[in-house]
Structure formats: C-alpha cells, structure tokens
There are 2 protein chains.
Amino acid sequence: MTVPLHFAVKTRLMELLDRLGEGAALPPERTLAKEFEVSRWTMRQAIRELTADGRLRARQGQGTFVATPKLIQPLALVSYTEALRAQGQVPGREVVRFDEVVADAVLAEKLGIAEGAPAYELERILFADEQPIGLETTYLAVSRFPTLREVLLPTGSLYRCLTDDLGVRFGEGEEIVETVMATPREAELLKATQSLPMLLLHRTSRDTDGKPIEAVRSLYRGDRVGFRATLRP
Amino acid sequence: MTVPLHFAVKTRLMELLDRLGEGAALPPERTLAKEFEVSRWTMRQAIRELTADGRLRARQGQGTFVATPKLIQPLALVSYTEALRAQGQVPGREVVRFDEVVADAVLAEKLGIAEGAPAYELERILFADEQPIGLETTYLAVSRFPTLREVLLPTGSLYRCLTDDLGVRFGEGEEIVETVMATPREAELLKATQSLPMLLLHRTSRDTDGKPIEAVRSLYRGDRVGFRATLRP
DNA sequence: AAGTGGTCTAGACCACTCC
DNA sequence: GAGTGGTCTAGACCACTTG
C-alpha cells in the first residue's frame, strides 16, 4: 500500500463535496464508512483532514456540512472591526476577561515598563457573522492608559478607542505567525473541535514615537481564517 | 466539559519533555501507553499534537525525540538564502521539477500574460541545516525571462539570479498565509509524517514599475517554521 | 531478526441535538 | 428516544531503521 487509505478516502470525499453545494449536509460518518468500505476510524481521519483544511464543518449532534471559503484578514496595524466590515462581514466581540496582572520580565520588556509593574490583560473572543473565529489577549501598560477601563466599551473597537479617545498614533509593529493546536479551553471558547490546527499570532506595536503600545497574543481558527500581508524588499 | 484523556496525557508528557533535554529520546509509544495506563491510540493522539506543536519529532524505525525551537523566517521580499544565513543556518535547495506549463486564467492574471501563454514551473525543496523545511513552487512568465534556464544554477538562489543576472528590482508583493494539511506527496518530499499541519503561503510580487515578477506557492512545515511580518498602519 | 513508529479494524460508550 | 459526532480500547499488521 503506497498511499494511506484515509487519504484515498479524502480524495474521493473531495469529489463528493464538489458535487454537493456550500452548506450541504454530508451523510453520517457511519454511512459513509460503509459506502466507502472502510472503518469509521479511517473515515474520521479523512473528515478530520478536510475539516482542518476548512472544507468541512462538523457539528456534534447535527452532522457534517460543506464549509464556506476562509476569511482573509489583513496582517497590518488596522482595526479588526473595519477590516471585517470591508469584507462585508459583521464584526463582533465578547470580553472574556479584563484584569490587571503583574508584568513578568518578557511582558515588561515588550511594553517598556518595569518588571512587576501592572498591565491590563484583556481577553476577547472575536466574531465574524456571529461565529467565533479568534481569541485575542491584549496586554497594555496601566501607567500609560490609566483611564482605559472608563473609555473602552465592552463591545467597542480597542483600536478605535486608542486612536480616537486616547490620542494614540500607531507607527510600526511586528507579528510572528505560526501554527499550533488549540488547548481544550481555547477550542471550547472558539466552539471548535479539539485538536484543530490554529494560527497563533504574537504582535507588538509601537506609536509614531517608537513607544510600545501593546503586546497581543491572537489565536485564530485555522479552518476559518487566513491572513494577507503586504511585502517589501 | 471534562478534559479529553489524550489532552491530560499531553499535559503530563509536556512535563516529561521539560525534564528531558532538547534532542533526547522519548520512551517508545507502547511503553508510555502502559506507564500512563492509556491505550496506544490515546498516547499517539497526545504525541501527535505535541508533534504538530513542534515539541516532538517522530522518526519511523528510530523513535520519538524532543524537538528544537521553530525557525522564524521573515515575511518579506528577501532571499531565502540570506534570510537563513542571517539566523546562522545553512540554506539548501533541491530542484524537484523545472517545467514549462500553459498558464490558466488565474495564473495568467497573476503574471500579467495571456491565458495559454507559457510559464515556468519551478518546484524546489528548501532545506535548513540539511533538513527539509519547505516546498516552493514558483511560476514565472517565459516571455519575460527567456534565458532563465541558462542562468539559474540548480542550487543557486532564484532571487539573487533575478536581481543580479537579470536586472530585476523587486518592488511590492502580497502574501496570503493559511494552514493546511499536507498531501502524502508533499509530506513525503518534506520527510514529514502525513497529516501534519503546514503553513501555506501564496505570493505574488511586482517590480518597482509594478510589473508582475512571480507567483509562488510555498508550503512550510508548521512544526518547524514560523514567520515574522513587519506591520504598518 | 528485533524494535520502532504508521495504519487500520471492530466495537464500545459518551455528549450533544432534535423530535 | 433516536441519531449524530467525539473519545477510547484492544489488537492486528505494515514500513522502516538498526544490528
């Protein structure tokens, strides 16, 4: 056997998906396994890969469905709200946590504050058209934005608040992109099956004077989201 | 929601990895499964996630080992060769295919040529310190670079060849980043286990006059590589 | 030949959704 | 309660590497 069986199944399934339309329901796993004459484990392996690729969406208790194309987000210092609106999607946010933490050495260096100084930790779920697509944890120096708690609306845009209400002018930033597997907590918050590949982004951004603004850890559903970067030599 | 068993195993395994050093060998799956009192399937699920996260590397017939940290590559219009050297790694290339193909509508639009016009298809495996980390397929218009076959050395840098030998000046580009699962062929070329999450990049770049230079499809091992982008407002 | 990871089966039970 | 996807077991065989 050269090609693994589950991959041959994946290939045959893809043909089936092309015939079915977007949003169409796939037959149950057990039925498909019988039709393809493979075990349910093998069928699930094939379905699992197609799910990770963003071609299928499984919903427990309901069934498996043909997915819509991935959302492509800009990789730039722009507002999540405006970026989504530009693509005709309805943005949404839900605050999971808004605490103050003590900055450790790594965070303090990123925010340009002393180790042990207080920092906001703002964790939010990002939605597109009511569906959770990302989990964003933002760290900001309390000393720099002492009034943040008063001016930031729970469902408002953080970038708009920083620029319009607090006079921040974004300059340059750096972002590191990698793939990881979600933890059960993260998967639950994003209503994703466990063990789905995610896109993990680590961002630090500075204002036009070069002063640190924020450090951000963003986890996006790899099956639903991609990113677009503008390249320079 | 109770935590799946394989994830609890993953957490316990991570503690074990911290005690073992980089490059250390893990006990065999069957042994670990007995020690943790789980089935081999559950143990493999945990190992699979740690492998996808880049914490472990499995080698068939040999064993499973604690991995080294990911390589972070720049997301910019720069030479792969120089980017790798800047990080103290030894770059390498291997040409898999160097054909001429007929451009379909999508490719023709990207390259600024007529549909049906000939285009080079150059597929290469990218190595870092002798290990395959990426598979890059580059498309260029034959009409624009008629002498490419003569001036490009099999193990040479394409970017260096374009800039130094053919007088190309890179201007701006666009890159889309997403996660996918590798096909068996791709996994084999990258000497990766099948079904490992990969980073898929689609790049188009233009010269300083705005004329299209190349269209590139790059597939990088998600367990070994990450990317760094510079952000602007 | 022995030992390792890789694939696959058959079957069980759980968690969730909908009727 | 019925049907769906999600997790897990026990066991088998294959493919690869090393001695």
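Everything numeric here is computed off the predicted structure, so don't read it as measured data. Chain letters run A, B, ... following the sequence lines, proteins first, then strands; residues in each count from 1. The basis for the numbers below is simple: all heavy atoms, side chains too, and nothing from hydrogens, waters or symmetry mates.
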- DNA chain C: 5'-proximal contact among A:His6 and B:Thr64 (nearest heavy atom): B:Thr64

- With respect to A:Glu136, which candidate in A:Arg97, A:Arg124, A:Arg93 satisfies the salt bridge (charged side-chain N to carboxylate O under 4.0 Å, His left out) definition? A:Arg124

- Item | Between A:Tyr120 and A:Tyr139, ring centroids under 6.0 Å |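 Ring centres of A:Tyr139 and A:Tyr120 not closer than 6.0 Å.
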
Interatomic distance, [X] [atom1] vs [N] [atom2] [rounded to whole Å]:
X	N	atom1	atom2	value
B:Arg48	D:dT7	CZ	P	12 Å
A:Arg30	C:dG11	CZ	C1'	11 Å
B:Met43	C:dT7	CE	C1'	18 Å
B:Lys34	D:dA10	NZ	C1'	12 Å
B:Ile47	C:dG5	CD1	P	7 Å
B:Glu29	D:dC16	CD	C1'	13 Å
A:Arg59	C:dA15	CZ	P	22 Å
A:Phe7	D:dC14	CZ	C1'	20 Å

- Exercise: do B:Thr204 and B:Glu174 side chains pair donor with acceptor under 3.5 Å: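 No, no side-chain donor-acceptor contact under 3.5 Å.
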
- Sidechain N-carboxylate O distance under 4.0 Å for A:Lys70, B:Glu178: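 Salt bridge: yes.
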
- Query: Considering heavy-atom distances to DNA chain D, does A:Trp41 or A:Gln62 have its closest nucleotide positioned more toward the 5' end?
  - Reply: A:Gln62

- Check: D:dG6 base within 3.5 Å donor-acceptor of A:Arg40 side chain: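 Yes.
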
- Message: If you only use heavy atoms from C-beta on, which nucleotide in D:dT7, C:dG6, C:dA10 is closest to the side chain of B:Gln60?
- Response: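 When the side chain of B:Gln60 is considered, C:dG6 is the closest of D:dT7, C:dG6, C:dA10.
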
- Closest to the side chain of A:Arg44, out of D:dT7, C:dG6, C:dT9, is D:dT7

